Amino acid sequence: MHQPVLLVIAHGSRDARHAATVHALVRRVRAARPDLRVETGFLDFNVPSVPGVLESLAADGVRDVVALPLLLTRAFHAKADIPAVLRAAPARLRIRQADVLGPSPLLTAALERRLREAGLSPADKSSTGVVLASAGSSDPEAIAVIADIAREWRHTGWCAVRPAFASASLPRTEDAVRELRALGCAKVAVAPYVLAPGFLPDRIARGAADADVLADVLGPAPEVARVLLERYDAARRPLMAAVGA
């Protein structure tokens, strides 16, 4: 019995860096699990589209698919857009939608990795305030998750951690930077809690102008690839059980 195909569903962007980063992450996933067929589809702006990939899989004789939203929070795209696209898939496909990537301790580890790469050392931690800067959402559940991550991350030794949002919610990155300065943190770092470059990550970067450190997006960090495979494995079990594999 073949294992289900992993279909990574990305949002898409007019910014070419977005798709390039998504493909780099998928290459890392393939390298970690060479026996697994991994495909990528985009909801908008980029090709291949999710419907196009699903049609191709059906034409190839694929039966089982795990559709994995390349999203950090469970907001509108995970709750509405992606399920609607999957419902319109060819009837021969048996599809299970995996959970979104966050929250996960592995993603927090990826944030720490990016801060280290941007120049922070372990000795800086207790004197550094961090802005956990996400894209933002109008979904209260998604906003609450970001706030929870910031609270939990603070307990790992940072001077302070504050959430910020590039759209839909407040505070903005620049406001959180000012708040951390006012708290007396010796350094302020901005950690973008986003997967790929684009319009909103650029807004986060502009808001970080007065910070001491701006980390890179999570991108193809090895921890992110591990989360993808964890979500895939959790979603594939019911599919495999259904066919007695």
Side-chain angles (χ1 to χ4, degrees), residues 6-13 15 18 21-22 25-26 29 40-45 50 66-86 96-115 130-154 156 161-173 175-176 190-205 207 215-221 223-232 234-235:
L6 168 57
L7 171 58
V8 176
I9 300 180
H11 184 276
S13 172
D15 189 321
H18 174 91
T21 302
V22 170
L25 174 59
V26 170
V29 171
T40 308
F42 296 90
L43 291 173
D44 207 353
F45 302 117
V50 176
V66 169
L68 194 154
L70 199 59
L71 301 168
L72 295 173
T73 58
R74 184 172 148 71
F76 180 78
H77 292 304
K79 294 177 179 179
D81 282 0
I82 292 174
V85 171
L86 298 180
R96 185 169 182 87
Q97 183 176 328
D99 287 339
V100 297
L101 302 184
S104 167
L106 286 169
L107 295 177
T108 306
L111 289 167
E112 299 252 3
R113 170 190 292 274
R114 293 303 188 223
L115 287 168
V130 179
V131 178
L132 178 68
S134 79
S137 173
S138 58
D139 188 306
E141 178 187 348
I143 297 304
V145 166
I146 299 300
D148 286 344
I149 294 169
R151 278 192 295 270
E152 292 180 14
W153 200 18
R154 162 69 182 85
T156 66
V161 179
R162 294 290 186 271
F165 308 94
S167 67
S169 303
L170 296 174
R172 295 286 184 257
T173 301
D175 300 326
V190 174
Y193 190 60
V194 292
L195 286 166
F199 176 75
L200 293 178
D202 283 349
R203 182 179 288 176
I204 290 171
D216 200 358
V217 298
L218 296 175
E223 296 87 353
V224 179
R226 285 174 58 195
V227 177
L228 260 72
L229 289 169
E230 282 187 358
R231 299 293 185 255
Y232 167 79

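On a predicted model such as this, the values are computed, not experimentally measured, just so you know.
Interatomic distance, S138 OG to I143 CD1, rounded to the nearest 0.5 Å: 8.0 Å. Atoms CG and OH, from L132 and Y193 in turn, are 7.5 Å apart once rounded to the nearest 0.5 Å. Taken from CG in L86 to CZ in R96, the straight-line distance is 12.5 Å, to the nearest 0.5 Å.
The shortest heavy-atom contact between P201 and A196 is CG-O, 3.2 Å. Closest approach of V217 to P197, counting heavy atoms only: CG2-CD, 4.0 Å. Shortest non-hydrogen contact noted between L7 and G41 is CD1-N, 3.8 Å. Pairing each heavy atom of A75 with each of D139, the nearest pair is CA-OD2, 3.8 Å.
Within the 4.5 Å cutoff, no side-chain heavy atoms of L195 are placed close to those of V22. Looking at V224 and L25, their side chains come closer than 4.5 Å, going by heavy atoms from C-beta outward. Contact check for L70 versus L228: side-chain heavy atoms found under the 4.5 Å cut-off. Considering only heavy atoms from C-beta on, E112 comes within 4.5 Å of T156 through its side chain. Put simply, the side chain of L72 reaches to within 4.5 Å of the side chain of L218, judged on heavy atoms. Within the 4.5 Å cutoff, the side chain of R162 has no heavy atoms near those of the P171 side chain. Counting heavy atoms from C-beta on, the side chains of L43 and I82 come closer than 4.5 Å. Contact annotation: the side chain of D216 never approaches that of P192 to less than 4.5 Å [non-hydrogen atoms, C-beta and beyond].
Using the six-membered ring where Trp is involved, H18 and H11 have ring planes that are perpendicular, over 60° apart on the 30 and 60° scheme.
Residue R226 qualifies as open at atom CZ: its count of foreign heavy atoms under 6.0 Å is 12 or below.
Using a distance-only test at 3.5 Å, with no hydrogens or angles considered, no donor-acceptor pair links the side chain of R114 to the main chain of A215. A donor-acceptor pair under 3.5 Å is absent between the side-chain atoms of T40 and the main chain of V8, judged by distance alone. Judged by distance alone, with hydrogens and angles left aside, the side-chain atoms of S104 form a donor-acceptor pair with the main-chain N or O of L106 at under 3.5 Å. Using modelled atom types, one side-chain atom of R172 and one backbone atom of F165 make a donor-acceptor pair closer than 3.5 Å.
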